[in-house]
There are 2 protein chains.
Amino acid sequence: MPSESDAPTDRATGPGSRGPYPKGVRRRQEILDRTIEVFADVGFEGASLRAVGEAIGVSHAALRRYFDTREELFLEVLREKDRQAMAEARGRDHDDHDDGSDVLGLARSLDAYASQVPGLMALRHSMVARALEAGNEHSRAFFLERYAALRGEVLSTLTLARAAGVVRDDLPLEAAATLVIATLDGLSTQWLLDPGLDIRPSMVLLEQLLTPPQPHVG
Amino acid sequence: MPSESDAPTDRATGPGSRGPYPKGVRRRQEILDRTIEVFADVGFEGASLRAVGEAIGVSHAALRRYFDTREELFLEVLREKDRQAMAEARGRDHDDHDDGSDVLGLARSLDAYASQVPGLMALRHSMVARALEAGNEHSRAFFLERYAALRGEVLSTLTLARAAGVVRDDLPLEAAATLVIATLDGLSTQWLLDPGLDIRPSMVLLEQLLTPPQPHVG
DNA sequence: GTCTATACAGGGATAGAC
DNA sequence: GTCTATCCCTGTATAGAC
């Protein structure tokens, strides 16, 4: 993922036989950033190629020099957001975090969700919905890969947590990882629909269910 | 929800000052049924008003005598599907069901999900995504109400289950209801993306986490 | 290499004829 | 109640300016 490298990506720039194309890459990144802003403002449906182009000061046709299709552009936005989220997560790991009720970091994961502008959470939902439709193999492949990677990450987190004794040792961890991701997805859906809904109790409950029964310490 | 009654719904038929309009209601239902079939075939994105109209043998403009907007039509499809699912659930309750590992009926709930044509599961996903966008208050209100009703149903199921001793008695049931729905939603998403993914272990795990620890009966 | 201009097919919404 | 014709929007595609 060359986000600040000069190496040309699949297309994006150049005839494919000359070296790096710093200007084209920079332009592409600029388009990406502006697109994210437009999303935050007008959401997925309102973010037409023409609307994005206008916000950047460019015709909609120009966008297709950098992204083959609208779908591609939006997938790239999600990739960018994933990168940013991972960077933030790494930053958070260096902070203190031990309030006793968030042993697995689930609450923090959902905060990471929520820190994204609502429009961008809705974007992810819309893109998954499109990926489910027939004929969107590109999007489907993206999310297949993304969820597989997510399951891997959560699985390793759970494995470490079990070694530390904060996860019950009678759980099938693969199934638990899939379950955790599913629950976070589903909770975020309900919360997006009704921001007044307090989903933290459900998250805390999930954590409690996964952690070993306390021999009444209190 | 007058599904077989002759009472006129909000709009749908007639000048609004005469009695019931059986013919208009029947036509409306016919449109609904045909729409469902089209969905199953071509999915949400492919089911344009023109495509639906063509399948029925009318112009797309005619559809709007019965449904104000495309959104309305699709919401009505979901309502119809909910009605059918509830009818089927009632039917299943009269059957024998005790394989010992599905105490709460979660597996059956997801089977009910899966029994719907994939295209229709994707439809639900797409409609939720649209409801999340700004300016779709109608869809949003529909899903707000639907999820509230779902939480109520699951809550009463859990309450009964707890009374029967198959649910731990130290759980906040409201949080548990929200969590169960979220998990089922999220699991169905992952399964739709990758039908090869076996999500049953995760469902079984959720049930085991909710049920009281067995004092090693086996 | 980058972008504008333009055209095309298709979408939902709508007005008015019958 | 249903049609046709129309409007404005969309994503996509291509031609050609510079």
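Here is the naming used below: chain letters follow the sequence lines, and residue numbers restart at 1 for every chain.
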Distance, rounded to the nearest Å, where [X] contributes [atom1] and [N] contributes [atom2]:
X	N	atom1	atom2	result
B:Leu73	C:dA13	CG	P	10 Å
A:Glu72	D:dG11	CD	C1'	14 Å
B:Arg27	D:dT2	CZ	C1'	9 Å
B:Arg130	C:dG12	CZ	C1'	10 Å
A:Arg70	D:dT10	CZ	C1'	8 Å
A:Arg28	C:dT2	CZ	P	12 Å
A:Glu30	C:dT2	CD	P	13 Å

side-chain contact (heavy atoms from CB on, under 4.5 Å) filter on B:Glu174, not counting sequence neighbours, yields B:Leu155

Between the first and last five pairs of the helix from C:dG1-D:dC18 to C:dC18-D:dG1, the angle of the axes, rounded to 10 degrees:
10°

Side chains of B:Asp185 and A:Asp185, heavy atoms from C-beta outward: is any pair under 4.5 Å?
no

Looking at side-chain heavy atoms only, is the closest gap between A:Trp191 and A:Met121 below 4.5 Å?
yes

Answer with yes or no whether the side chains of B:Asp33 and B:Gln29 bring together a donor and an acceptor at under 3.5 Å.
yes

Produce a footprint string for nucleotides 13-18 of chain D: one letter per nucleotide, 5' end first; B if the base is under 4.0 Å from any protein heavy atom, S if only the sugar-phosphate is, - if neither.
B-----

Contact class for A:Ala62 vs. all strands (heavy atom < 4.0 Å): base, sugar-phosphate, or nothing?
base

Do A:Glu37 and A:Arg34 pass the salt bridge (Lys or Arg N to Asp or Glu O under 4.0 Å) test, and can you show the C-alpha distance, the side-chain angles, and the key distance before you say yes or no?
CA-CA 5 Å; A:Glu37 296 175 23; A:Arg34 300 289 284 147; 2.6 Å; yes

Check DNA chain C against residues 132-139 of chain A and give the residues with a non-hydrogen atom under 4.0 Å, in numerical order.
none

If the cut-off is 4.0 Å, is A:Tyr66 near the phosphate of C:dG1, judged by side-chain N/O to OP1 or OP2?
no

The correct set of residues in residues 42-57 of chain A placing a heavy atom under 4.0 Å from DNA chain D is A:Ser48, A:Leu49, A:Arg50

Applying ring pair (Phe, Tyr, Trp, His ring centres under 6.0 Å) as the test, list every pair that has at least one member in residues 22-51 of chain B; sequence neighbours left out.
B:Phe39-B:Phe74, B:Phe44-B:Phe74

